[in-house]
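FYI, side chains are in, hydrogens and waters are out, and symmetry mates aren't considered; it's all heavy atoms of this structure. The shown structure was predicted, so the numbers you read here are calculated from the model rather than taken from an experiment.
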Amino acid sequence: MKIKNNSLLIKIIFYNDIAIFLTSILIAIVVALTSFQDMERRIEDTTKNKMDLLMSNYKSYFGDIRNDVYKEIGKYRINEGNQQVAEIIKYNLLKEDFRSYYNSVITIISSKGELLGEYGNKDNLGTLTEDNIHILLETSAKKEFETNGYYLAKVRDKIYARIVIPYGNEMTTYYLVVSIPINKDFLTSLTEGLELSSKDKIYFVTNTSDKNELQAKYFFSYKIYRDILKKDYKNYYLNKKINGLSYYVGIYNLIGYNDIYLGSFVISLSKERITQEKLMTALYIGILVLLIMVISSTVSSKVLKKLLMPLTQIADLADKISNGQKVEDIKVVGQGEIKTLSVSFKEMIEKLNVAQEDLTIQNKELVTNIEKIEAIDKLLMGINIEQDTFKTIEKLVSGFTSEVGLGYSRAMYFRYSRENDYLIGQDISINSSLKEDSKKGFKFQLKNLKELILFTKIPINNDNLLAKSFKEKKIIYKNDMGYKYDFGNDVLKAVGLKNFFIFPIHGAGKYSGVIVVDNYTKDTRINQEELELLNLLSMNFSIGINNKEIAIDNIENERVNTIEKLATRFLSLRGDVVNQLLKCINSENPGQKIIEELTKIKPYLERIKEDNESLKFYSEEKETKYEGVCLDKIISEVITSYSQKFKNANISISFFSTTNGTVLGSRDQLKKVIKEIIDNSYNTLLNKKNNRRIDIILSKRRINEKIELKIIDNGEGVSPNQLENIYEPFISYSTQRLGLGLFFVRKIIKDHRGVIKHFSEEGNSTEVKITLNVYKEEV
């Protein structure tokens, strides 16, 4: 058969050669990058090993000095004269190791800081004076000095290492100090055994202004120098150009006794050899890739030519059609001869298959809709709204993905947090058929999906799809891929959403939110009939949840009304009796016997009076006026009113504010809330002997425009069991408290559409956090 210029065979061979070329280039790049990274890693490891050896020499150097000095101290008596002892020890040390001790200075001081003797190289004499001897004594007494055995100090723009060795008898203690100048010569003496090549460099850089030493601020870049000054770490590694050549640099930072950066030891290993190795490696890989391309192209061309030349398959299809056999749809592939033949056969069988396919699709859709109607009916019948709200929502989420339910692939529930104005991931459910098939999708889209969703937060104050569905209380659906839409968090773009809808849950109090449901890896589309069924489910579910929330609110309101009626019934008479009793006790000339009897019950009467005033505040019928209220002014007023009381109890209180804290609310009620919480802190602090403290912090969140108030005390805290029931009425863990304060505090904050939370660590502290909405004049 003659092959034409536009033959499919020629085009396949051409595209196959392109694929081989691109694959070879990709493999070459990956191999080259891997080799280069391995080379870089080797020089990094070498630098770190040499730096570790240098540091080992550095630390053992001072250990050897201490050992040598200890040997010499035992040979002399204290009364022989300290100057003479210093000279003899210096002389003997020079005989032991001239290079190590040539620049050293031997100094002897008393325990009171008096300089008794000093001998050594004249350039380094006098570095210990009356101005800095006390620093030596204080530093050598620190616990960390016992571990290192030395410390570093800067004197006259030079760096010295001080090795301090106490000696003496039971009556008198002396300190023998060996001062070693730290400079480039000192660093050179430490490089023994490092095996540095002629192209490798070592540097000593200093933070002093000594012109004889290399300055750190000029040797390092500004960013690196700034990082080094932070002293977050002693070792630092980086690539650096020195005199136009590439080096991998290891840096050891020298930190003084006062935690100030003094200088650095620098080891620089040349990367010239690595550069040469990279060039040779790239050349070898290039030659190998070229050879692979030539061989692969030749072999594949011959194989493809042999495979595509026969057209027996087309002839077999023609025979089947002529014999009346059914043939599946033929897809038009490529161009040239095969395209011409496949088009002809495609037109012949399309007309035979179209009618049957349409009928099958319509029947399938009808069956699917009937099944979903039955599933929704079972789901509504099986959900018990009277049970726990979250468990009810969990059951709905599970019903979306159950094969006996609606049969969707995945369902993800996001609960609305009124405190943070976010939709927060709460629960997920995955169809069991997807769990069994591990080949579908990526691991994080199925097995790790729960961990991803539980850490996902979606802001409610922008135009993402989830926020829109939640605020408009309607189902939003898209027969498309999820990555094309804004969900408020990129995590949801990556989990592979396909043909999805967003199901809002409203009227569910703190469990309101949305459920995201999709047909993951399926081509099943959401149609209008299905949407109507989902709307029916949403309406019935929300009505049931809302009725339950209304019932809970009615119970709580009835509880408050009952408490108010009880308080109103008994407060008036009870208050008069208490006032009369107190008046009798506090009169100028009551009978002695009356005083004796009534004085015994005075503390109880005062407690009754306090309870009476608290109940009276909540029981009085008054119109609540909501307006723009500045919390910082209310807090300041409360602190002022408590100032004398706190002073008498030795309690310090601090108030930090970054905003005026303007919210929409009742000034009197919010003031009562703050006083109640501060009273609780005051009472718990009375059980603490000292360091009694209350911190008040008022701030504004920029992200979701919330006012946040924190009141923290360092009292005794409460146990987890007590914290769980802290808002229940008439429950108090103090015999001096009525137990209604926090119950009404939570009611007031709830009426202000806010959130209150208690955090406490038993035996340590308690924190109360209140979150309120920022006041906006247009609202």
Side-chain angles (χ1 to χ4, degrees), residues 1-44 239 246 271-314 328-343 345-346 437-448 480-485 490-499 520-523:
M1 178 182 287
K2 184 178 180 181
I3 301 176
K4 299 180 181 179
N5 293 333
N6 64 343
S7 172
L8 178 63
L9 174 60
I10 294 177
K11 291 185 178 181
I12 289 178
I13 294 174
F14 174 75
Y15 290 129
N16 184 68
D17 289 342
I18 292 178
I20 292 173
F21 173 77
L22 294 177
T23 304
S24 301
I25 293 298
L26 179 61
I27 293 173
I29 292 173
V30 172
V31 173
L33 290 177
T34 303
S35 301
F36 294 167
Q37 289 176 356
D38 183 65
M39 295 176 188
E40 292 289 341
R41 194 178 299 110
R42 276 188 287 143
I43 193 171
E44 291 175 8
N239 289 292
S246 297
K271 299 178 71 174
E272 182 177 350
R273 183 177 177 182
I274 289 182
T275 303
Q276 294 175 353
E277 291 181 359
K278 287 182 178 179
L279 291 175
M280 293 301 297
T281 301
L283 180 61
Y284 291 149
I285 292 174
I287 294 172
L288 181 61
V289 168
L290 183 62
L291 183 62
I292 292 173
M293 287 172 54
V294 172
I295 296 173
S296 300
S297 178
T298 303
V299 173
S300 63
S301 297
K302 291 182 178 181
V303 172
L304 289 173
K305 182 178 180 181
K306 183 178 181 180
L307 292 176
L308 293 177
M309 287 294 291
L311 297 175
T312 55
Q313 184 179 6
I314 301 296
E328 297 295 334
D329 186 19
I330 300 174
K331 295 182 180 179
V332 178
V333 181
Q335 297 180 3
E337 303 87 352
I338 294 180
K339 179 179 180 180
T340 302
L341 290 172
S342 61
V343 167
F345 280 101
K346 182 178 179 65
D437 190 354
S438 59
K439 296 181 180 180
K440 291 185 177 180
F442 295 97
K443 183 177 180 181
F444 71 89
Q445 293 175 331
L446 290 175
K447 291 185 178 180
N448 303 123
D480 211 337
M481 305 300 290
Y483 67 84
K484 299 180 180 180
Y485 300 95
D490 290 339
V491 169
L492 289 181
K493 286 188 175 184
V495 297
L497 289 174
K498 182 180 180 182
N499 298 349
Y520 178 71
T521 71
K522 297 181 181 179
D523 293 325

A494 backbone acceptor or donor facing Q445 side chain under 3.5 Å: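 Yes, because the side chain of Q445 sits within donor-acceptor range (under 3.5 Å) of the backbone of A494.
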Residue pair K498, D523: steps toward the side-chain contact (heavy atoms from CB on, under 4.5 Å) verdict: CA-CA 8 Å; K498 182 180 180 182; D523 293 325; 2.8 Å; yes
Distance in Å, [X] [atom1] paired with [Y] [atom2], rounded so as to fall on 0.5 Å steps:
X	Y	atom1	atom2	answer
I27	L22	CD1	CG	11.0 Å
L290	I295	CG	CD1	10.0 Å
S246	I274	OG	CD1	10.0 Å
D38	L33	CG	CG	12.5 Å
I29	F36	CD1	CZ	11.0 Å
I18	T23	CD1	OG1	11.5 Å

Step through the shown structure and confirm whether more than 12 heavy atoms of other residues, nucleotides or ligands are within 6.0 Å of CZ on F444.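 Yes.
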Quick check: closest heavy atoms across [X] and [Y], and the distance to 0.1 Å?
X	Y	result
L492	V495	O-CG2, 3.5 Å
K484	D480	NZ-OD1, 3.1 Å
V289	A28	CG2-CB, 3.4 Å

Does [X] reach the side chain of [Y], with side-chain heavy atoms less than 4.5 Å apart?
X	Y	result
K271	N239	yes
L446	Y520	yes
M39	K278	yes

Row check, Y483 ring normal vs K493 NZ/CZ: under 6.0 Å, within 45°: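 Pair K493/Y483 does not count as cation-pi.
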Taking salt bridge (Lys or Arg N to Asp or Glu O under 4.0 Å) as the definition, give me every residue that meets it alongside D490, ordered by chain and number, with sequence neighbours left out.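 Testing D490 for salt bridge (Lys or Arg N to Asp or Glu O under 4.0 Å), a comparison that skips the adjacent residues, returns none.
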